[in-house]
Protein chains: 2
Amino acid sequence: MPRPSTADERRRLLLPTIAQAFARTGYNRATTAELAGACGVPENTLFRLWGGKKGMYLAALDHLYERTVDGWARYLAAPAAGPDAASAASRLLAYEGEHYGEHGLYRIIFTGLDEIDDPDIKKALRAMYRRFHAFLTERIAEHRGEEPAAARTALLAWAVIGMATVAGIGRELRLVTRQQQRELFGEVGRALLDLHETP
Amino acid sequence: MPRPSTADERRRLLLPTIAQAFARTGYNRATTAELAGACGVPENTLFRLWGGKKGMYLAALDHLYERTVDGWARYLAAPAAGPDAASAASRLLAYEGEHYGEHGLYRIIFTGLDEIDDPDIKKALRAMYRRFHAFLTERIAEHRGEEPAAARTALLAWAVIGMATVAGIGRELRLVTRQQQRELFGEVGRALLDLHETP
DNA sequence: AGGTTTTGTGAGTGAGCGCTCACAATACGG
DNA sequence: CCGTATTGTGAGCGCTCACTCACAAAACCT
């Protein structure tokens with residue numbers, strides 16, 4: 001038997017660095033040479049591990065999403081403070097008001113939106129948004145005490161995603177302060193969760 | 001005296017085509033050769049008129065924004081139907097629920113977000129978002145009958161922008177139907193305008 | 001007409017970059 | 001130790017693409 005491959009292990013090891021590089025520079029400006037440099041490996045290695053730049057991007061996107069979701073799961077698993085424990089949805093809003101953007105997930109998404117005519121990238125983004133939206137919809141339905149999620153709940157989930165997105169853009173452009181981000185998630189986001197029919 | 005320049009005129013004439021091309025393909029994938037082809041002029045001409053690809057993009061961004069704002073102004077100038085005429089803010093929401101995305105403005109913005117480490121592009125996007133947000137904030141303040149716009153009003157304006165943004169992304173990825181877009185602007189957007197303190 | 005500038009033409013260039021390849025070195029299993 | 005696979009190395013290839021240049025033609029002014 002030949003020498004066993006450590007490829008999986010290496011992928012796991014290098015992915016955070018690659019994701020960070022993509023998030024920092026964007027898809028196009030991140031050259032494969034730079035990625036390799038950041039990882040401290042020869043360019044060749046990256047191509048062997050992911051087949052091409054697009055493969056690296058797709059892996060990085062997936063990595064950042066998983067990382068974000070894991071962060072939520074850990075946060076929600078921790079016992080809520082006190083008996084007046086808020087719903088998972090509103091706890092997540094508070095959490096993201098504080099931490100949104102730390103992983104650079106939104107940055108890597110924007111960079112993908114520019115490549116959206118590539119079918120593979122479009123598919124990956126679509127899958128990610130779909131999962132994200134489904135997750136949020138469930139949390140919001142729980143919060144509102146709805147059993148099967150109503151159509152309106154799905155709309156609210158989109159609105160919350162939009163709010164997060166604009167927070168990312170706004171902070172990037174220095175038009176939204178960190179305090180405003182907190183208020184956006186905290187006040188407006190919270191209000192969205194409890195939105196009823198307008199009279 | 002020499003031959004007078006018709007450069008301004010030509011810029012005005014070619015800009016819609018260039019903007020459309022950028023919106024269709026994105027910044028990076030739109031090659032200067034393609035832009036020239038779409039315009040039916042030699043590549044050289046575009047460089048003489050705008051100095052470079054970045055200049056073409058900045059002009060296109062500005063053009064689409066102006067065009068959008070003009071569309072609003074025209075729509076608002078038309079007399080509101082009946083005596084129960086809604087506020088400008090809510091009329092705009094209804095309008096955008098129907099027409100959002102038609103000019104491709106959001107597409108050209110996404111494409112710019114990928115180039116955001118370029119200071120010129122960042123500055124242009126920042127200026128555009130700032131104007132957009134200021135405009136919306138005023139309309140919302142009017143709607144709510146606030147004299148000087150409250151801090152909360154600015155937040156609501158961001159939320160509305162976010163809602164529009166996510167509508168663009170969602171429709172692009174075929175996760176949001178046109179009907180859902182209408183409801184997003186119509187129901188959720190309308191509710192945002194009237195959001196009070198949560199009890 | 002003549003002078004001055006703009007416009008059309010078309011070839012070309014130089015740099016960046018994704019990706020490849022041949023080969024040597026290394027590490028594992030039998 | 002040997003066969004087989006994976007890794008390190010480094011040069012380089014081919015292509016795309018933003019951008020340029022030289023020159024001829026046209027258009028406007030006085």
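Worth knowing before you read on, the calculation uses all heavy atoms, side chains too, and leaves out hydrogens, waters and symmetry mates.
Dashed line: the shortest gap from a side-chain N or O of A:T45 to OP1 or OP2 of D:dT7 is not under 4.0 Å.
Partners of B:E147 under the side chain to side chain contact (heavy atoms under 4.5 Å, CB included) rule, at least two apart in sequence or in another chain, do not exist in this structure. Taking B:R182 as the reference, B:E98, B:Q179 meet the side chain to side chain donor-acceptor pair (under 3.5 Å) condition, with sequence neighbours excluded.
Applying the salt bridge (Lys or Arg N to Asp or Glu O under 4.0 Å) test to residues at least two apart or on different chains, the pairs with a partner in residues 103-118 of chain B are A:R29-B:E115, A:R29-B:D117, B:K54-B:D118, B:R107-B:E172. Pairs passing the side-chain hydrogen bond (donor to acceptor under 3.5 Å, both in side chains) check and including a residue from residues 55-68 of chain A, sequence neighbours excluded, read A:E66-A:R131.
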Summary of protein contacts for nucleotides 12-24 of chain D, nucleotide by nucleotide, where a base hit scores B, a sugar-phosphate-only hit scores S (4.0 Å, heavy atoms)
-----SBB-BB--
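If you take CD of A:E9 and P of C:dC28, they are 13 Å apart, rounded to a whole angstrom.
With D:dT9, D:dT7, C:dT9 as the choices, the nucleotide that has an atom nearest any side-chain atom of B:P42 turns out to be C:dT9.
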Using atom types as modelled, flag every donor-acceptor pair under 3.5 Å from a side chain in residues 30-44 of chain A to any protein atom, sequence neighbours excluded.
unit_1 : atom_1 : unit_2 : atom_2 : d
A:T31  : OG1    : A:E34  : N      : 3.1
A:T32  : OG1    : A:E43  : OE2    : 2.7

